[in-house]
Amino acid sequence: MENTIAIYGAYGHTGKFIVAELYRQGYRNLLLSGRDLEKLTALLPFFPDSEIKVADINDPKSLDEAFKDTKIIINAAGPYLDTATPIIKSALRSGSHYIDLSAEQKTVLDIIEEFSEEAKNKEILIIPAAAFYGGLADLLATELTKEWEHTDEINVYIGLDSWHPTKGTRLTGDRNHYKRLTFKDNRLKELEPTPPKEWNFKKPIGNKEVVSLPLSEIITISSHLNVNTVNTYLSQNSLDDLRNNNTPEPKPTDEKNRSSQQFSLEVVALKDNEERRISAQGQDIYAVTAPLVVEAVNRILSGNAASKGVKTLGEAFVTSDFLNSLQEDDIKINIVEKSHVKDRS
């Protein structure tokens with residue numbers, strides 16, 4: 001099989017970042033796919049060596065025709081509640097590995113439940129949620145707790161200086177009507193309301209009020225780490241931006257077409273009386289998904305991936321090596337190895 005990489009939803013906001021990063025790293029054997037021929041054609045002047053193929057998630061034959069000679073399929077077209085299953089089924093038929101960017105908890109749960117055995121049997125690697133939401137926190141949490149057999153609690157804090165959501169983000173929000181889940185006492189539970197609290201993300205985000213808002217990292221982390229409790233907190237200001245229908249879409253501000261948005265994602269792990277912290281800072285939560293996905297592609301093609309089946313980013317790869325390979329211009333990683341705590345309250 002050729003090492004063709006297919007990007008479904010290539011003309012979407014995050015899809016274009018992924019295609020550009022693949023191109024920047026020297027990949028030319030790209031298949032750009034989606035439902036809109038006009039939008040696909042508009043990409044060709046920027047990526048002239050690429051091939052385009054129209055495919056529709058409601059037409060399995062069109063998906064199979066598009067993906068028949070591909071090594072890896074990157075699904076960048078949300079809502080993943082609708083697109084993940086048909087594209088994964090096509091990937092299994094074509095023998096292609098699969099990566100998506102899902103922040104939706106139910107999608108990741110369904111993928112693990114429905115496709116784990118078949119993917120193993122067909123020696124296919126399926127990586128859901130390989131994005132800022134879901135994937136990055138999973139990488140950080142896995143790295144932070146790798147020496148621990150068991151972790152009492154993992155808390156994920158996400159601070160954004162602003163959030164200008166894309167059309168895809170809004171579509172997903174409208175589509176995703178399922179109850180949010182958190183992980184407590186070794187099992188998934190429906191989220192119960194908790195009061196907001198303050199968290200200091202340091203510069204450039206600073207002190208922010210954060211609220212409990214579990215996304216797909218609850219599923220990715222709890223699916224493979226031996227942990228009792230996992231929580232996610234998001235800065236209230238970014239949630240206010242997201243809920244405001246008048247908040248504009250992100251606008252490019254630099255040579256990588258990134259918006260000016262700054263992010264800080266901090267993971268705190270607790271075991272007995274020991275606390276460990278790791279943080280990742282950077283610019284533009286949509287753009288930063290591209291280096292994460294492309295590094296996964298690099299490692300799959302070079303044979304540096306875990307056994308086949310459904311795996312998270314933290315499960316599929318050696319996390320220290322993966323994180324070290326990311327450019328500081330994309331993500332700055334800072335680890336606080338150990339500190340002892342007397343009282344967690």
Side-chain angles (χ1 to χ4, degrees), residues 103-105 129 132-145 148 151-165 169 173 176 178-222 225 227-244 247 261-282 285 288 332-345:
E104 300 120 275
Q105 293 183 317
F132 175 82
Y133 291 115
L136 181 54
D138 182 60
L139 282 166
L140 296 175
T142 306
E143 173 64 16
L144 197 58
T145 63
W148 291 352
T151 303
D152 294 331
E153 187 173 330
I154 293 174
N155 293 313
V156 179
Y157 298 91
I158 301 169
L160 313 177
D161 66 350
S162 63
W163 189 354
H164 289 195
T169 296
N176 186 13
Y178 296 95
K179 291 187 181 296
R180 295 190 182 275
L181 303 173
T182 192
F183 194 75
K184 188 176 181 182
D185 299 327
N186 272 301
R187 63 189 182 94
L188 291 167
K189 296 182 177 181
E190 284 187 18
L191 177 67
E192 296 176 359
T194 56
K197 61 181 183 177
E198 294 289 314
W199 190 257
N200 184 8
F201 291 97
K202 303 182 178 61
K203 292 182 179 180
I205 307 298
N207 212 49
K208 296 288 184 187
E209 184 178 86
V210 297
V211 291
S212 184
L213 193 80
L215 294 155
S216 56
E217 67 285 325
I218 297 289
I219 313 303
T220 57
I221 290 170
S222 66
L225 294 181
V227 58
N228 187 67
T229 298
V230 187
N231 299 300
T232 302
Y233 301 93
L234 179 67
S235 60
Q236 180 66 56
N237 67 298
S238 54
L239 193 56
D240 293 341
D241 285 344
L242 180 65
R243 290 172 173 169
N244 182 353
T247 303
Q261 178 197 52
Q262 299 291 311
F263 68 79
S264 181
L265 194 158
E266 188 164 349
V267 178
V268 181
L270 301 164
K271 179 191 176 187
D272 300 326
N273 68 334
E274 188 177 339
E275 176 185 286
R276 291 183 177 184
R277 296 187 181 202
I278 186 170
S279 66
Q281 292 185 317
I285 61 173
V288 81
K332 295 182 182 71
I333 307 292
N334 181 49
I335 301 176
V336 178
E337 282 297 341
K338 294 180 183 178
S339 62
H340 291 279
V341 289
K342 293 180 181 177
D343 181 5
R344 292 184 197 165
S345 61

task = Work out which heavy atom in Ser235 is nearest to a heavy atom in Gly159; give both atom names and the distance.
result = OG-CA, 3.8 Å
ask   = Does a side-chain heavy-atom distance below 4.5 Å link Gln236 with Asp240?
value = yes
Inter-residue atom distance Ser162.OG - Leu242.CG, 0.5 Å rounding = 12.0 Å
message = Check the orientation of Tyr157 and Trp199. Use parallel for under 30°, tilted for 30 to 60°, and perpendicular for over 60°.
response = parallel
Exercise: identify the closest heavy-atom pair between Val227 and Asn186 = O-OD1, 3.2 Å
request  = Show your working on side chain to side chain contact (heavy atoms under 4.5 Å, CB included) between Leu239 and Leu213 and close with a plain yes or no.
outcome  = CA-CA 9 Å; Leu239 193 56; Leu213 193 80; 4.0 Å; yes
inquiry  = We want to know whether Asp152 and Asn228 form a side-chain donor-acceptor pair, criterion being a heavy-atom distance below 3.5 angstrom.
reply    = no
request  = Taking all non-hydrogen atoms of both residues into account, name the closest pair between Arg277 and Val268 and its distance.
outcome  = CG-CG2, 3.9 Å
ask   = Could you give the distance from OG1 (Thr142) to CG (Leu225), rounded to the nearest 0.5 Å?
value = 4.5 Å
inquiry  = Between Asn200 (side chain only) and Lys202 (backbone N and O only), is there a donor and an acceptor less than 3.5 Å apart?
reply    = yes
ask   = What are the two closest heavy atoms between Thr182 and Glu190, and how far apart are they?
value = CG2-O, 4.5 Å
Carboxylate-amine/guanidinium contact Lys197 Glu209, below 4.0 Å = no
query = Between CG of Leu140 and CZ of Arg276, what distance do you get to the nearest 0.5 Å?
reply = 14.0 Å
note = Rounded to the nearest 0.5 angstrom, the OG-CD distance for Ser222 and Gln105 is 9.0 Å
query = Donor-acceptor pair, Thr151 side chain versus Lys271 backbone, under 3.5 Å?
reply = no
request  = Report yes if some heavy atom in the side chain of Lys189 is under 4.5 Å from a heavy atom in the side chain of Leu181; otherwise report no.
outcome  = no
query = Is the backbone N or O of Leu160 less than 3.5 Å from a side-chain atom of Asn237, with the two atoms forming a donor-acceptor pair by type?
reply = yes
Expected output: side-chain Glu143 to main-chain Ala141 donor-acceptor under 3.5 Å = no
ask   = What pair of heavy atoms forms the shortest contact from Ile285 to Val288, and how long is it?
value = O-CG1, 3.5 Å
inquiry  = Taking the ring of Tyr133 and the ring of Trp163, is the distance between their centroids below 6.0 Å?
reply    = yes
remark   = Shortest non-hydrogen pair, Thr220 vs Gly134, comes out as OG1-O, 3.1 Å
request  = Walk me through it: do Ile278 and Ile333 pass the test side chain to side chain contact (heavy atoms under 4.5 Å, CB included)?
outcome  = CA-CA 7 Å; Ile278 186 170; Ile333 307 292; 4.0 Å; yes
request  = For Glu198, enumerate each residue passing the side chain to side chain donor-acceptor pair (under 3.5 Å) test, keeping only those at least two apart in sequence or located in another chain.
outcome  = Asn207
inquiry  = Are Leu188 and Ile219 packed together at the side-chain level, in the sense that at least one heavy-atom pair is separated by less than 4.5 angstrom?
reply    = yes
note = With sequence neighbours left out, the residues meeting side chain to side chain donor-acceptor pair (under 3.5 Å) with Lys332 are none
From CD1 (Ile221) to CG (Asp138), nearest 0.5 Å = 5.5 Å
query = Just how far is it from atom CG of Asp161 to atom CZ of Phe201, taken to the nearest 0.5 Å?
reply = 11.5 Å
ring-ring contact (aromatic ring centres under 6.0 Å, His included) involving Phe183 - partner list, sequence neighbours excluded = none
